[in-house]
Amino acid sequence: MRSMENLLRKGVREAIKNLYGAEIEDNLLQVQKTRKEFPGDLTLVVFPLTRITRMSPEQTAHEIGEFLIKNIGAVSAYNVIKGFLNVTIAPEEWASKLYLISEVSDYGATPPGENSETIVIEYSSPNTNKPLHLGHIRNNLLGFSLSRICEAAGNRVIRTNIVNDRGIHICKSMVAWKMFGNGATPESVSKKGDHFVGDYYVLFDKKHREQAAELEAAGATPEEARDNAPLMIAARDMLIRWEAGDEETVKLWHMMNSWVYEGFDVTYKSLGVEFDKIYYESDTYKLGKEIVLQALNEEHLIRREDGSVWIDLTADKLDHKLLLRSDGTAVYMTQDLGTAVIRYNDYHFDRHIYVVGNEQNYHFQVLSLALLRMGFRWASGLHHFSYGMVELPEGKMKSREGKVVDADDLISEMTDTARTMSQELGKLTGYSETEKENIYRQIGLAALKYFILKVDPKKNMTFNPLESIDFNGNTGPFIQYTYTRIRSVLKKAEETGIEWRHGKENTITPNQKEINVIKLLNDFPAMVTEAASELSPALIANYCYELAREFNQFYHDYSILGEADNGSRNFRIRLSDLTGRVIETGLWLLGIEAPERM
RNA sequence: GGUUCCGUAGCUCAGUUGGAUAGAGCAACAGCCUUCUAAGCUGUGGGUCGAGCGUUCGAGUCGCUCCGGAAUCACCA
């Protein structure tokens with residue numbers, strides 16, 4: 001549509017010049033799509049022009065309309081309603097538009113060029129003490145989709161993950177395993193490694209609360225009880241030994257982390273997300289400390305009497321923020337400083353996008369400012385992609401209390417639902433069980449992914465585990481279904497030996513349903529660009545839905561292969577083919593697979 | 001209390017730099033399969049866009065003030 005809009009803009013510009021002898025500013029030239037209730041394709045908002053024309057909006061619109069009809073070939077009709085000039089583009093123009101864009105290879109994607117940016121995207125960032133849950137799913141899907149969208153918009157993208165593999169929370173599951181595990185392993189109890197370790201994290205919390213309750217009953221304050229419970233002492237003790245490099249502790253840490261990684265790999269694989277480079281906090285926190293100490297020497301920071309190191313951000317309306325503890329150990333911020341510097345040295349990125357929940361808005365404000373203050377100018381390219389939380393009807397998810405929607409469980413439930421539905425419909429005859437299972441998986445995941453990605457990332461979303469995610473209507477499977485219909489038509493066309501690609505009839509006058517689809521197809525490249533600049537997978541998701549819906553109407557009202565006129569039939573096949581390709585690309589940008597049949 | 005974000009149909013969500021009579025899906029009801037896949041298509045009902053004031057020819061969209069919800073403001077990550 002953009003190219004058509006530009007055509008109209010140019011025409012209006014000429015009209016104003018010829019009729020009123022005036023040049024017009026861009027912001028007064030408002031061209032938009034015509035709303036469905038009104039006849040026409042594009043609408044010029046005339047109100048802003050009346051200042052120049054010195055006539056009523058209606059009169060202005062009529063004069064410009066007349067001029068367009070006479071001078072712009074593509075414009076076939078116009079009408080005026082109030083201050084709106086609705087312009088109809090000749091159906092033949094849409095037809096030739098389709099021929100044009102259907103010949104473009106990788107339609108919608110821009111290859112990297114001179115002006116391409118290098119963008120590092122960090123997402124996922126799990127803790128290695130518990131399995132992934134629905135919140136992580138949102139993070140992973142957003143991050144992965146963003147990476148593909150940025151790539152399609154012509155950027156070089158590096159997908160990274162920072163694994164939070166050290167700290168007191170990791171030690172908690174280690175302590176619990178050591179004390180209550182009796183040497184069990186994921187293999188010995190046949191449990192996925194991340195779930196296995198996560199169970200000990202939950203167990204730690206349970207036992208710790210029991211101990212704290214005992215201490216409280218014996219007269220301790222709640223804080224004392226929490227801090228002095230034997231398990232908590234053991235965890236802190238283990239952290240100190242870990243930082244000191246104690247051999248036995250480090251060995252245990254390696255072993256338990258490797259269990260978790262094996263589990264994560266399975267989940268990442270079934271979610272279909274990937275990374276180019278994985279960073280570990282245990283590798284980056286030391287550099288963070290060095291950077292802070294160096295900046296301290298250069299007088300960017302403040303050292304208090306107790307030895308702790310701070311940055312003063314009151315000038316930026318923030319607070320004083322701790323960068324190193326009084327005992328010299330690192331905090332969360334310290335390691336993020338280190339990670340950012342390592343990444344810049346690795347990739348010299350133009351932009352660095354952190355896909356992290358909105359609970360950490362403050363943290364990332366501080367991170368950028370702190371780096372800038374320390375003289376790292378590239379830190380202006382840091383961007384916190386802040387997304388909303390996924391909540392349960394009863395509130396926030398809590399791993400420690402086991403109140404979570406587990407990622408693996410949810411994925412397999414989605415597959416189960418897809419299997420049940422598909423078997424009821426019974427359309428997969430001729431496929432092997434393996435092929436069928438793969439399709440169930442694709443459909444189930446599509447439902448889940450679309451459900452999450454269609455929502456504006458900024459907004460918190462509620463997930464009710466009791467209400468299943470839909471497979472009909474505005475859903476991922478609906479879009480996939482449209483794709484399979486198209487594939488089915490194209491396959492049949494091929495089997496029948498129709499050579500539709502050679503047809504380039506210029507005599508086609510498309511009907512309204514066809515035009516509606518072409519308009520949307522024509523929008524696709526602009527949608528990808530916009531989704532990249534807005535960082536919004538939701539734009540792509542909603543676009544795909546709209547396209548699928550529009551195509552289904554066309555599909556319902558007209559026969560494609562049954563069309564008697566060969567030119568018209570070939571045109572419809574071409575339309576279907578491009579729609580299929582755009583849907584496939586659109587879904588790909590969302591990380592959703594497009595099955596041939598379902 | 002400070003800062004940031006959110007509030008649109010019973011539910012889940014769209015709504016482009018301000019533009020026309022605020023749109024989808026789910027749920028409810030009524031239709032459409034001897035024709036390319038009915039996970040589809042068509043129709044009906046459902047709204048003081050949290051409230052008010054302001055800016056404007058024009059406000060769901062911008063500004064201000066309230067109301068409601070969330071996050072954050074740790075020598076936790």
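Just so it is clear, the structure is predicted and the values come from calculations on it, not from any experiment. So you know, we letter chains A, B, ... as the sequences are listed, proteins then strands, and number each from 1.
When ring centroids are compared, H363(A) and Y332(A) come within the 6.0 Å threshold. For F554(A) and F551(A), the ring centers are positioned less than 6.0 Å apart. The aromatic ring centroids of F47(A) and F84(A) lie less than 6.0 Å from each other.
Between U8(B) and G47(B), the two P atoms lie 15 Å apart (nearest whole Å). Between U61(B) and G18(B), the two P atoms lie 11 Å apart (nearest whole Å).
An aromatic stack links F38(A) and the base of A20(B), using centre distance under 5.5 Å and interplanar angle under 30°. Stacking is not found between Y545(A) and the pyrimidine-like six-membered ring of the A24(B) base under the 5.5 Å centre-distance and 30° plane-angle cut-offs. Here F478(A) does not count as stacked on G40(B), because the ring centres are not under 5.5 angstrom apart with planes under 30°.
Between E25(A) and R51(A) there is no salt bridge, since none of the side-chain N atoms of the basic residue sits less than 4.0 Å from a carboxylate O of the acidic one.
The side chain of M461(A) approaches C13(B) more closely than any other nucleotide in the set U37(B), C13(B), G25(B). Comparing U12(B), U37(B), C6(B) against the side chain of K458(A) picks out C6(B) as the nearest. The side chain of S559(A) lies closest to C36(B), out of U21(B), A70(B), C36(B). Distance from the side chain of K82(A) is smallest to U21(B) among U21(B), C13(B), G25(B).
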Dot-bracket assigned to RNA chain B with the 3.5 Å Watson-Crick/G-U criterion, [ ] for crossing and | for other-strand pairs, is (((((((..((((.....[...)))).(((((.......))))).....(((((..]....))))))))))))....
Show me the side-chain donor-acceptor pairs of residues 540-547 of chain A shorter than 3.5 Å, one per line, residues at least two apart or across chains.
from	atom 1	to	atom 2	distance (Å)
N542(A)	ND2	A538(A)	O	3.0
Y543(A)	OH	L520(A)	O	2.6

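Residue side chain N86(A) reaches the base of A20(B) through a donor-acceptor N/O pair under 3.5 Å, judged by distance alone.
Atom P of nucleotide U17(B) and atom CZ of F47(A) are separated by 20 Å, given to the nearest angstrom.
L324(A) is listed as a side-chain neighbour of T334(A), based on a closest heavy-atom distance under 4.5 Å.
The phosphate of U16(B) (OP1 or OP2) has no side-chain N or O of K33(A) nearer than 4.0 angstrom.
Taking the syn range as angles within 90° of 0, the glycosidic angle of C66(B) is outside it, so the base is anti.
Each of T462(A) and D319(A) was matched to the nucleotide of RNA chain B holding its nearest heavy atom; the match closer to the 5' end belongs to T462(A).
A side-chain N or O of Y387(A) and one of N139(A) form a donor-acceptor pair less than 3.5 Å apart.
Nucleic acid contact for P457(A): none, since no nucleic acid atom lies under 4.0 Å from a heavy atom of the residue.
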